Asks: 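Can you read through this structure? Questions will come right after.
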Amino acid sequence: MIGIADGSGAYVDLIDGTFSAFAEGGILSKSKQFQYRPQQQALATEISKTLVNQQSLVAEAGTGVGKSLAYLIPSIKYAMESGKKCLLSTHTINLQEQLLHKDLPLAARLLGQPISYTLLKGRQNYLCPLRLKRALQGKGDIFTSTEVAELKRIYDWSLETEDGTLSDLDFKPSYKVWSQVCSEPDLCTQRRCGPTGKCHYQEARKRANDAQVVILNHNLFFSLLDLNQAEDSEGYLFQRDFIVFDEAHTLENVAAKQLGLRVSAAGAKMELNKIYNPRTRKGILKSAERLDIAESVEKVGDLTGEFFDNVMQALFPNGEHLNPQGQRPPNEIRVHQADLVPNTLTAPIQKLRLELSEISENSENEMLQAEVNDAVRRLGEISDGVAQFLNMEDEEAVYWAELSRGEFTSVTLRSAPVNVAARLRHALFSGGRTAIMTSATLSVSGGSVDYFKRRVGAEHAGELVVGSPFNLAAQMETYVAGGMPEPRSPQYQAEMTEWICSFLQYCGGRAFVLFTSYRDMMSVSEQVQRICTLNGWECFVQGAGSSRQVMLQGFRNAENGVLLGTDSFWTGVDVPGEALSNVIIARLPFEVPSHPVIQARLEDIQSGGGNSFMDYSLPEAVLKFRQGVGRLIRSENDRGKVLILDSRVVSKKYGETFLQCLSPSPVKHLRSIRDLGRR
């Protein structure tokens with residue numbers, strides 16, 4: 001046993017047992033899949049101390065440490081002995097899949113005992129068979145012929161699927177069809193769906209209640225977290241639990257997104273069309289045989305369109321968004337004052353909700369009642385969201401409008417807390433609750449994780465930084481193009497293109513080229529594609545039609561692939577082996593302070609007497625830079641080169657902070673492209 005609870009309730013053997021288990025001759029070494037790493041042993045031991053003392057921990061563990069096993073072994077043992085549930089939260093689906101299908105089964109084999117674990121998704125990912133049955137019964141009243149065909153495909157799939165979630169479906173159904181058959185709070189309840197034993201969400205919920213380990217993602221965690229839970233609470237989502245956040249470097253942004261507000265014109269229209277669509281003359285009202293209030297739905301639909309048109313007019317009084325000539329307006333427009341436009345929606349929506357509630361009260365059809373009540377709830381969320389946005393009720397939040405451009409420009413009203421630390425400090429780190437946060441990139445300089453701790457309110461959490469066990473000095477070469485003009489220079493684009501193409505020729509492809517802007521990427525893409533064609537290499541350009549996952553798989557399969565990507569390829573991408581042997585960083589990844597959330601954070605720091613560049617912009621850029629460089633060496637056998645095309649790492653004083661991140665890899669300074677051939 002790694003740990004045994006004594007009579008006082010203290011898990012006295014867990015710490016020593018964990019240290020011994022991860023030792024060279026420990027019980028884990030009996031497995032051929034275990035490799036002794038002192039960094040992993042230190043991390044696992046510190047996590048066991050944190051669990052025993054019911055504290056919190058911020059732990060950076062470099063690539064190759066094996067942090068999954070380091071937190072799984074002590075967490076599982078502690079869960080077994082304490083009766084607390086272990087929550088494992090990740091940012092990416094890839095890591096969830098790794099934990100579910102590789103790491104947890106391995107931990108069970110190493111411990112020599114079974115572990116009960118499950119993956120929990122947001123409830124709208126799950127099919128509700130009862131709702132599917134009702135949708136099929138009323139399909140003529142609700143769906144068009146095309147939508148009925150989708151519904152029948154879902155039914156055929158439902159007869160075979162064991163998972164019952166959207167990701168298991170072999171096609172992407174329309175929002176309208178899936179929203180009529182997925183699990184919803186008022187429709188898919190334990191009383192109504194649980195007894196059948198066939199409801200995928202209710203089964204998932206039961207598995208989560210019974211499991212020792214529950215895997216979920218950061219978005220779901222923060223959407224379920226009660227920010228006002230009592231100080232003496234022993235859990236976050238369950239009565240007694242603790243949480244391990246892997247990929248913790250994304251916590252601040254995910255929390256801000258989930259704890260904010262979102263009301264879209266498109267979303268409101270879809271919800272109203274589910275009730276009654278005047279074009280198809282289908283919806284819940286037809287199913288309920290209450291077309292007498294269809295006019296009320298149409299009226300609210302018209303008012304909704306007028307309201308969001310008024311928002312656009314207030315944002316662009318001169319109609320800039322309609323003018324295809326000249327510079328396109330930004331996608332996010334910050335709103336500084338309350339009452340941007342008159343609230344012409346709340347009262348009509350409330351009136352419609354009352355009319356719908358009357359249908360529910362007078363119906364004897366339980367499922368119809370539930371569907372109508374769900375519509376009433378959703379309309380209430382829209383109404384409340386509009387009122388909250390216009391009133392700007394949260395003084396510690398930033399408000400903005402977000403434009404999405406397609407055939408038509410649609411607008412979404414958004415808000416987010418400026419400082420999530422103030423909210424998470426109580427919700428995550430107070431009382432006797434335990435949160436463990438780990439990632440390969442949490443420290444900024446000198447091995448300090450203070451910046452991350454301040455941003456998420458974890459100032460009093462313990463900390464640990466362990467480096468990578470890889471021999472980075474031998475495995476990675478780093479080049480800095482010191483002769484490059486600075487990014488603002490008119491010559492930068494042409495020089496950047498020449499450097500990228502020359503470096504690809506020099507290295508033979510097998511490269512990620514990482515950009516901070518779509519414009520920069522597209523400015524070089526044509527020339528890079530030409531070089532790839534001449535050499536017989538495959539070229540993958542983000543935004544060219546393929547999904548991120550398809551691009552990655554194609555790159556892995558290509559012998560000399562070249563991938564051009566922006567934000568989403570800097571993090572959470574794992575391509576071990578020779579397929580990825582080179583990484584080119586076009587610019588240092590400073591956030592452009594045009595997004596309202598970034599603006600508000602910078603202003604918040606300045607108003608508090610801080611330096612927004614040193615206290616936010618630089619640390620954020622360094623963390624993302626580390627993530628980008630970290631795409632290269634993913635195993636002890638990997639070898640490769642990094643090229644940095646931003647001369648500010650040598651021309652600016654702050655550049656040294658970025659160069660420190662590359663240690664112990666040697667940094668070679670190039671004055672010109674010709675220097676490559678001399679290396």
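Each residue takes its place number in the sequence, starting with 1. FYI, side chains are in, hydrogens and waters are out, and symmetry mates aren't considered; it's all heavy atoms of this structure. Treat the numbers as computed from the prediction; the structure is a model and nothing was measured.
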Asks: Do side-chain atoms of Q542 reach the backbone of T566 as a donor and acceptor pair under 3.5 angstrom?
Replies: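 Between the backbone of T566 and the side chain of Q542 there is a qualifying donor-acceptor contact (under 3.5 Å).
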
Asks: Could you go through the side-chain hydrogen bond (donor to acceptor under 3.5 Å, both in side chains) check for T50 and Q55 one step at a time?
Replies: CA-CA 5 Å; T50 301; Q55 296 171 339; 5.6 Å; no

Asks: If you count every heavy atom of other residues, nucleotides or ligands that lies below 6.0 Å from H426 atom NE2, does the total exceed 12?
Replies: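 Check passes, neighbour count above 12.
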
Asks: Do H218 side-chain atoms and E252 backbone N/O form a donor-acceptor pair below 3.5 Å?
Replies: no

Asks: Provide the closest heavy-atom pair for D241 versus F238 in the form atom of the first, atom of the second, distance.
Replies: OD2-N, 2.8 Å

Asks: Taking only residues two or more places apart in sequence or in another chain, which ones pass side-chain hydrogen bond (donor to acceptor under 3.5 Å, both in side chains) with E459?
Replies: R425

Asks: Centroid-to-centroid, H460 to F429, below 6.0 Å?
Replies: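 Not under 6.0 Å, so no.
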
Asks: Within a reach of under 6.0 Å around CD1 of I93, are more than 12 heavy atoms found that belong to other residues, nucleotides or ligands?
Replies: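 Incorrect, the count does not exceed 12.
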
Asks: Indicate the atoms forming the closest heavy-atom contact of A42 with L464, along with that distance.
Replies: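 Of all heavy-atom pairs spanning A42 and L464, the closest is O-CD2, 3.9 Å.
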
Asks: Any non-hydrogen side-chain atom of F625 less than 4.5 Å from a side-chain atom of L662?
Replies: yes

Asks: What I want to check is whether the side chains of N535 and Q505 have a donor and an acceptor closer together than 3.5 Å.
Replies: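 Yes, Q505 and N535 have a side-chain donor paired with an acceptor closer than 3.5 Å.
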
Asks: Give the minimum heavy-atom separation between L57 and A461, together with the two atoms involved.
Replies: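 Smallest interatomic distance, heavy atoms only, reads N-CB, 4.1 Å.
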
Asks: Considering only distance and modelled atom types, tabulate donor-acceptor pairs under 3.5 Å from the side chains of residues 98-106, sequence neighbours left out.
Replies:
residue: Q98; atom: NE2; partner: D103; partner atom: OD2; Å: 2.8
residue: H101; atom: NE2; partner: E97; partner atom: OE1; Å: 3.0
residue: D103; atom: OD2; partner: S68; partner atom: OG; Å: 3.4

Asks: I'd like to know if the side chain of K85 reaches the main chain of N209, judged simply by a donor and an acceptor atom lying under 3.5 Å from each other, with no hydrogens or angles considered.
Replies: yes

Asks: Kindly say whether D646 contributes a backbone atom to a donor-acceptor pair with the side chain of R587 at under 3.5 angstrom?
Replies: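 Side chain of R587 to backbone of D646: no pair is present.
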
Asks: Looking at E538 and A558, would you say the former's side chain and the latter's main chain have a donor-acceptor pair under 3.5 Å?
Replies: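 It does not hold such a pair.
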
Asks: Within the side chain of R205, is there an N or O that forms a donor-acceptor pair under 3.5 Å with the backbone of R123?
Replies: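 No; zero donor-acceptor contacts below 3.5 Å.
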
Asks: Ignoring hydrogens and geometry beyond distance, is a side-chain donor-acceptor pair present between S167 and K121 at under 3.5 Å?
Replies: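 A pair is found: one side chain offers a donor N or O, the other an acceptor, under 3.5 Å apart.
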
Asks: Is there a donor-acceptor pair under 3.5 Å between the side chain of S29 and the backbone N or O of G26?
Replies: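 Yes.
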
Asks: Is R626 paired with E60 through a side-chain N to carboxylate O contact shorter than 4.0 Å?
Replies: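 So E60 pairs with R626 through a salt bridge.
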
Asks: How far does CG of L552 sit from CG of L563, to the nearest 0.5 angstrom?
Replies: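 L552 CG to L563 CG: 6.5 Å, rounded to 0.5 Å.
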
Asks: In terms of side-chain heavy atoms, does D638 have a donor or acceptor partner in S635 at a distance below 3.5 Å?
Replies: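 Yes, S635 and D638 have a side-chain donor paired with an acceptor closer than 3.5 Å.
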
Asks: Would you give the length of the straight line joining atom CD1 of I73 to atom CD1 of I27, rounded to the nearest 0.5 angstrom?
Replies: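 Answer rounded to 0.5 Å: 7.5 Å.
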
Asks: Out of D567, T516, T441, which residue meets the side chain to side chain donor-acceptor pair (under 3.5 Å) rule with K624?
Replies: D567

Asks: Find the distance between OG (S665) and CD (E477) and round it off to the nearest 0.5 Å.
Replies: 7.5 Å

Asks: So which atom in F590 and which in L618 form the shortest heavy-atom distance, rounded to 0.1 Å?
Replies: CE2-CA, 4.0 Å

Asks: Would you call the rings of F503 and Y506 parallel, tilted or perpendicular, where under 30° means parallel and over 60° means perpendicular?
Replies: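 Ring orientation of F503 relative to Y506: tilted.
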
Asks: Tell me if the CZ atom of F19 is crowded by more than 12 foreign heavy atoms within 6.0 Å.
Replies: no

Asks: Taking R37 for the side chain and G66 for the main chain, is one N or O donor matched with an acceptor at less than 3.5 Å?
Replies: no

Asks: For Y451 versus Y616, what's the shortest heavy-atom pair and its separation?
Replies: OH-CD1, 3.3 Å

Asks: Strictly distance-based, threshold 3.5 Å: is any side-chain N or O of S89 a donor or acceptor partner for the main-chain N or O of F245?
Replies: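 Such a contact is absent between S89 side chain and F245 backbone.
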
Asks: Between CD of Q190 and OH of Y201, what distance do you get to the nearest 0.5 Å?
Replies: 10.0 Å

Asks: Taking the six-membered ring for Trp, are F569 and F555 ring centroids under 6.0 Å apart?
Replies: no

Asks: Begin from the C-alpha positions of N253 and T250 and carry the test side-chain hydrogen bond (donor to acceptor under 3.5 Å, both in side chains) through to its verdict.
Replies: CA-CA 6 Å; N253 288 333; T250 63; over 6 Å; no

Asks: Check whether the side chains of Y126 and Q202 place a donor and an acceptor atom closer than 3.5 Å, and report yes or no.
Replies: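 The answer is no; no qualifying pair exists.
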
Asks: Side chain of N560, backbone of W537: donor and acceptor closer than 3.5 Å?
Replies: no

Asks: Could you state the interatomic distance from OG1 (T90) to CG (L220), rounded to the nearest 0.5 Å?
Replies: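 Output value for this atom pair is 10.5 Å.
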
Asks: Checking Q39 against K67: is there a side-chain donor and acceptor pair closer than 3.5 Å?
Replies: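 K67 vs Q39: no donor-acceptor pair found between side chains.
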
Asks: Calculate, to the nearest 0.5 Å, the distance between atoms CD and CG belonging to E247 and L95 respectively.
Replies: 4.5 Å

Asks: Would you say E656 has more than 12 foreign heavy atoms packed within less than 6.0 Å of its CD?
Replies: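 Yes - once you tally the heavy atoms of other residues, nucleotides and ligands closer than 6.0 Å, there are more than 12.
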
Asks: Could you report the tightest heavy-atom contact between P469 and T63, atom names first, then the distance?
Replies: CD-O, 3.5 Å

Asks: For atom NE2 of H91, decide whether the heavy atoms of other residues, nucleotides or ligands shown that lie under 6.0 angstrom number more than 12.
Replies: no

